[in-house]
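One structure is given here, and the rest of the page talks about it.
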Amino acid sequence: MHLATEAAGAIRKELGLGAECFSYLTSHGSLDVSHLEFFQGLMDRLDDETDRQAVIHCARIMYRLYGDIFRSLPTGVEEAA
């Protein structure tokens with residue numbers, strides 16, 4: 001939750017954009033709390049260890065891919081051109 005809010009603020013400041021440009025990212029941080037609760041409920045319902053491991057594997061991959069979105073952003077004006 002804090003990471004999404006901090007990322008939005010840092011990106012907004014660096015690019016000199018208004019807060020309205022980051023409404024998804026700032027609101028998504030608070031949604032993450034309910035996403036984690038949903039994930040926990042899902043995991044609690046899985047009886048088969050193979051199923052649990054498959055969901056955990058998928059969640060780890062998606063976590064990395066989501067981070068890759070931010071890691072792939074240009075870090076300077078020269079790179080964006």
R12 to L17 - nearest heavy-atom pair and separation: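 For R12 versus L17, the nearest heavy atoms are CG-O, 2.7 Å.
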Residues that E37 engages under side-chain hydrogen bond (donor to acceptor under 3.5 Å, both in side chains), provided they are two or more places apart: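 Here no residue qualifies.
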With sequence neighbours excluded, residues passing side-chain hydrogen bond (donor to acceptor under 3.5 Å, both in side chains) with R60: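 Result, side-chain hydrogen bond (donor to acceptor under 3.5 Å, both in side chains) vs R60: none returned.
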[atom1]/[X] to [atom2]/[Y] distance, rounded to the nearest 0.5 angstrom?
X	Y	atom1	atom2	value
D44	F39	CG	CZ	10.0 Å
E6	I11	CD	CD1	11.5 Å
C21	L15	SG	CG	9.0 Å

Main-chain N/O of L46 paired with R52 side-chain donor or acceptor, under 3.5 Å: yes
CD (E49) with more than 12 external heavy atoms under 6.0 Å: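 Count over threshold, so yes.
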Greater than 12 external heavy atoms within 6.0 Å of F38's CZ: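 12 or below, so no.
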Same apolar cluster: L42 and I56, side chain cutoff 4.5 Å: yes
Single-linkage hydrophobic cluster Y63~L73, side-chain heavy atoms < 4.5 angstrom: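 No; tracing contacts between hydrophobic side chains, which count when under 4.5 Å, never links both residues.
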side-chain contact (heavy atoms from CB on, under 4.5 Å) evaluation trace for R71 with R64: CA-CA 10 Å; R71 285 185 283 277; R64 182 181 55 81; 4.1 Å; yes
